[in-house]
Protein chains: 2
Amino acid sequence: MNFEQILKEKELKITPQRLVVFEAIYTLKTHPTAEEIIVFIKERHPNISVATVYKVLDVFVEKGIVRKVKTENEVMRYDAFMEHHHHLFCADSNRIEDYQNEELDTLLRDFFDSKKIKGFKIKDFQLHITGTFKNK
Amino acid sequence: MNFEQILKEKELKITPQRLVVFEAIYTLKTHPTAEEIIVFIKERHPNISVATVYKVLDVFVEKGIVRKVKTENEVMRYDAFMEHHHHLFCADSNRIEDYQNEELDTLLRDFFDSKKIKGFKIKDFQLHITGTFKNK
DNA sequence: CTATATGCAAATCATTTGCAACCAG
DNA sequence: CTGGTTGCAAATGATTTGCATATAG
């Protein structure tokens with residue numbers, strides 16, 4: 001894949017910094033943190049600014065070149081509901097709702113019982129459903 | 001549910017602060033942030049310390065009384081892999097791997113086609129699979 | 001009593017911002 | 001040229017920490 005091509009398609013200027021951030025993300029295949037990307041970059045381009053890396057990453061996410069992975073945190077949120085359940089995330093706001101469905105759980109459990117994931121032992125799974133709420 | 005009972009079971013001392021945090025989380029049904037919990041609490045107990053709320057929440061999570069909801073952020077992570085896919089989260093480390101499976105996607109798509117979620121329009125879904133990696 | 005828990009203020013740490021200088025198109 | 005980009009240093013904001021004091025059991 002050609003970085004310059006992608007930038008051009010997204011109507012972004014081709015700058016050395018952007019190419020370098022691209023290179024870092026594509027070389028680090030481990031869902032790197034911004035921190036890790038910065039370390040990687042600093043090794044070969046000590047002059048690039050931390051703020052610039054963040055800015056470039058923001059633009060990339062905005063343009064759909066790169067995706068943020070949902071992980072444990074954020075502004076941390078707590079859920080008192082301890083039963084196995086899934087979540088509905090509103091695409092337009094911070095609203096989150098619980099979603100529980102026995103049938104879905106059975107479906108998934110059966111699926112993973114028959115189709116194991118090589119080298120991975122499943123403890124639990126949770127579906128993150130993104131969309132929009134109609135009411136309210 | 002009896003808060004004092006739960007604390008006792010978990011071998012935690014029953015303190016007014018813990019009861020108040022409990023009350024906040026159970027009253028706020030919106031997956032509150034620590035911030036929101038603190039605001040709620042401050043209104044009725046202006047004397048409780050912010051640091052204490054964080055400490056209490058940490059203990060609750062540790063003891064399995066409350067759960068952190070996985071959301072967009074954390075120390076933010078970026079993924080260059082833009083195709084629809086799921087994630088394997090290592091329970092013991094920060095390792096995350098992509099997981100892609102056509103069959104699973106079809107299964108889920110079919111499920112949600114027949115079983116709509118009331119008041120919610122699904123745009124996308126992503127399965128967060130937690131477990132342990134055998135190798136490495 | 002004694003280990004735990006709390007409160008305070010200072011410290012951390014990722015991320016953001018403001019703004020002047022820079023450079024891609 | 002000229003607006004989009006960069007770099008710097010300072011600002012922000014959530015969360016944590018150290019430590020002296022308070023308190024549950």
Side-chain angles (χ1 to χ4, degrees), chain A residues 2-25 28 31-42 44-63 65-66 68-78 94, chain B residues 3-25 31-42 44-63 65-66 68-78 94:
Chain A
N2 183 346
F3 294 163
E4 306 207 2
Q5 191 57 40
I6 294 175
L7 289 178
K8 203 162 285 174
E9 281 168 13
K10 302 289 181 178
E11 299 182 317
L12 293 174
K13 287 187 179 172
I14 296 167
T15 67
Q17 291 86 341
R18 284 179 177 157
L19 294 178
V20 161
V21 171
F22 248 135
E23 185 202 352
I25 301 180
L28 299 167
H31 298 76
T33 62
E35 269 290 284
E36 292 165 342
I37 291 169
I38 289 163
V39 168
F40 179 95
I41 290 175
K42 284 286 187 184
R44 32 219 107 188
H45 309 273
N47 35 315
I48 191 172
S49 153
V50 169
T52 299
V53 174
Y54 277 106
K55 284 170 187 165
V56 169
L57 288 172
D58 283 351
V59 174
F60 283 5
V61 170
E62 205 177 293
K63 295 288 184 176
I65 295 170
V66 138
K68 287 184 184 178
V69 177
K70 299 182 182 189
T71 309
E72 271 289 317
N73 302 24
E74 178 202 38
V75 181
M76 198 56 65
R77 284 159 165 267
Y78 296 88
N94 288 320
Chain B
F3 295 164
E4 306 206 1
Q5 191 57 39
I6 294 174
L7 289 178
K8 204 163 285 173
E9 281 168 13
K10 302 290 184 180
E11 301 181 316
L12 293 173
K13 288 187 179 175
I14 297 167
T15 67
Q17 290 85 343
R18 283 178 179 159
L19 295 179
V20 160
V21 172
F22 248 134
E23 186 202 350
I25 300 180
H31 299 75
T33 62
E35 269 290 283
E36 292 165 342
I37 292 169
I38 290 164
V39 168
F40 179 95
I41 289 174
K42 284 285 188 187
R44 32 219 107 188
H45 310 272
N47 36 314
I48 190 170
S49 153
V50 169
T52 299
V53 175
Y54 276 107
K55 284 170 188 165
V56 169
L57 288 172
D58 283 350
V59 174
F60 283 4
V61 170
E62 205 177 292
K63 294 289 183 176
I65 294 170
V66 138
K68 287 185 183 175
V69 177
K70 299 181 181 190
T71 309
E72 270 290 318
N73 303 21
E74 180 203 37
V75 179
M76 198 57 67
R77 285 161 164 268
Y78 296 87
N94 288 322

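What you see below is based on every heavy atom in this structure, not just the backbone, and it leaves out hydrogens, waters and symmetry mates. Below, chains carry the letters A, B, ... as their sequence lines are ordered, and counting in each starts from 1.
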Could you please name the option among [options] that lies closest to any side-chain atom of [X]?
{"X": "B/K13", "options": "D/dC8, C/dT6, C/dT4", "value": "C/dT4"}
{"X": "A/P16", "options": "C/dG7, D/dA9, C/dA24", "value": "C/dA24"}
{"X": "A/V56", "options": "C/dG25, C/dT17, D/dT6", "value": "D/dT6"}

Note to self: For a quick test of reading the model: is some side-chain N or O of A/Y54 closer than 4.0 Å to OP1 or OP2 of C/dT16?
What the structure shows: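 A/Y54 to C/dT16 OP1/OP2: no side-chain N or O under 4.0 Å.
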
Margin query: Quick check on C/dG7: is either OP1 or OP2 less than 4.0 Å from any side-chain nitrogen or oxygen of B/Q17?
Written below: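 Answer is yes, contact under 4.0 Å.
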
Whole angstroms only, please: what is the [atom1]-[atom2] distance between [X] and [N]?
{"X": "B/L57", "N": "D/dT16", "atom1": "CG", "atom2": "C1'", "value": "13 Å"}
{"X": "A/N47", "N": "C/dA21", "atom1": "CG", "atom2": "C1'", "value": "16 Å"}
{"X": "B/E62", "N": "D/dT15", "atom1": "CD", "atom2": "C1'", "value": "16 Å"}
{"X": "A/F22", "N": "D/dT5", "atom1": "CZ", "atom2": "P", "value": "13 Å"}
{"X": "A/D58", "N": "D/dG4", "atom1": "CG", "atom2": "P", "value": "17 Å"}
{"X": "A/K42", "N": "D/dG7", "atom1": "NZ", "atom2": "C1'", "value": "9 Å"}
{"X": "A/L12", "N": "C/dG25", "atom1": "CG", "atom2": "P", "value": "11 Å"}
{"X": "B/E35", "N": "D/dG13", "atom1": "CD", "atom2": "C1'", "value": "8 Å"}

Quick one, [X] and [Y] - any side-chain contact, counting heavy atoms below 4.5 Å?
{"X": "A/F22", "Y": "A/I65", "result": "yes"}
{"X": "B/V21", "Y": "B/F3", "result": "no"}
{"X": "B/V20", "Y": "B/T15", "result": "no"}

Checklist line | Residue whose nearest DNA chain D nucleotide is more 5′ - B/A51 or A/E11 | finding: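 Mapping each residue to its closest nucleotide by heavy atoms, the 5'-most match is A/E11.
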
Margin query: Could you check whether any side-chain N or O of A/R18 sits under 3.5 Å from a backbone N or O of A/K13, counting only pairs where one atom can act as donor and the other as acceptor?
Written below: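 Side chain of A/R18 to backbone of A/K13, a donor-acceptor pair under 3.5 Å: yes, one is there.
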
Check: So does B/K55 reach the base of C/dG7 with its side chain, donor to acceptor, closer than 3.5 Å?
Finding: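 Indeed, a donor on one side and an acceptor on the other fall under 3.5 Å apart.
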
Checklist line | Ring-face cation contact, A/F40 with A/R44, 6.0 Å cut, 45° max | finding: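 Here A/R44 passes the 6.0 Å and 45° test against A/F40.
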
Notebook entry, point to check: Under 4.0 angstrom, heavy atoms only, what part of the nucleic acid is A/T52 near: base, sugar-phosphate, or nothing?
Noted result: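 Counting heavy atoms under 4.0 Å across all strands, the contact made by A/T52 includes a base.
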
Note to self: Assuming nearest nucleotide by heavy-atom distance, tell me which of A/V50 and A/T15 is located more 5' along DNA chain C.
What the structure shows: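 Whichever sits nearer the 5' end wins; that is A/V50.
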
